Each structure stands twice: as C-alpha cells, then as structure tokens.
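Below is one structure, written out as structure tokens; the observations come after it.
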Amino acid sequence: QVQVVESGGGLVQTGGSLRLSCTASGLTFANYAMNWFRQAPGKEREGVSCISWRSGFTKYADFVKGRFTISRDNARNMLYLQMNSLQPEDTAMYYCAAARQIDCPGSWSIDNYNFWGQGTQVTVSS
C-alpha cells in the first residue's frame, strides 16, 4: 500500500522560511517524478514544483521561482521543499504528489499524478 506523508508546515511571518518534507512508502521512489502542489481556500490546486527521478531536472511555477527549492533523497525516499521569503499569498495547504514516470509531466494537471499525501498547512502572517 502506497503512503505519502507531508510534514513541516506551520505558521511563519512574512519573509520567513519553512522546509517541507514528504516521505513515500510502498513504491519504488526513484521511479517517480515528485511534485509539490498547493491549494488555498476557495482556489484550485496549483502546481508549485517538480523534480525528476535523479534530480537532473526541476521546474517551478513562476510565482515561486527564486524563492523555493525542491530536492529529493532517493536513498531515504524523501522529498523536500525549501521555502524562503514567504509571503501571505503563499498561505495554503501544500501537497506532495508522485507521478509514475521518471520525468516531470508536461503539465500540472492533477490527472498526471498517481499518489497524493494529505497535505501540510502553511500559513504566512503579514
């Protein structure tokens, strides 16, 4: 049974930093492109960042470029998202998702992703 679990969310002031973590079990982690999404209240889920199976390729949504960094440790089945210079508009539930392919999907469509975590809340106060 596949399990995906996020952690590391919390409350932070504007300009602060957080590091999200995601662990995945029950799958061959290295065979999956791993992704972060987020969803704010009343808004659709949106793609934040993706990393390919051997970390050779990463992509970011425009609204996080230069502030967030995605990374992975295949030996530990772990995915990370370092978030710096956080802004109130970054407030959302952040989700980890796995796509059963080695390269990042061509689009952020949620249909591309096979397994999801339950999310971790990030709140940025102004």
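Computed from a predicted structure; not experimentally measured.
Residue Phe57 is found outside any hydrophobic cluster, as its side-chain heavy atoms come under 4.5 Å of no other Ile, Leu, Val, Met, Phe, Trp or Tyr.
In the hydrophobic clustering of ILVMFWY residues, with side-chain heavy atoms under 4.5 Å counting as a link, Tyr95 and Tyr113 come out together.
Side-chain contact between Arg72 and Phe29 is present, with heavy atoms from C-beta onward closer than 4.5 Å. Within the 4.5 Å cutoff, side-chain heavy atoms of Leu20 are placed close to those of Met83. A 4.5 Å side-chain heavy-atom check between Val48 and Trp108 finds every atom pair outside the cut-off.
Remark: Arg38 engages Glu46, Asp90 in a salt bridge (charged side-chain N to carboxylate O under 4.0 Å, His left out) (not counting sequence neighbours).
Note on ring orientation: taking the six-membered ring where Trp is involved, the planes of Phe37 and Trp116 are tilted (angle from 30° to 60°).
No more than 12 heavy atoms of other residues, nucleotides or ligands shown are found within 6.0 angstrom of CD on Gln118.
Residue pairs that meet the side chain to side chain donor-acceptor pair (under 3.5 Å) test with at least one member in residues 15-26, sequence neighbours left out, are Ser17-Asn84.
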- Message: Under the criterion side-chain contact (heavy atoms from CB on, under 4.5 Å), I'd like the reasoning laid out for Gln13 against Leu86: C-alpha separation, chi angles, the key distance, then a yes or no.
- Response: CA-CA 8 Å; Gln13 291 185 333; Leu86 283 162; over 6 Å; no
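In this structure, Trp36 contributes its side chain and Tyr80 its backbone to a donor-acceptor pair below 3.5 Å.
Side-chain contact, Tyr32 with Arg100: a donor N or O sits under 3.5 Å from an acceptor N or O.
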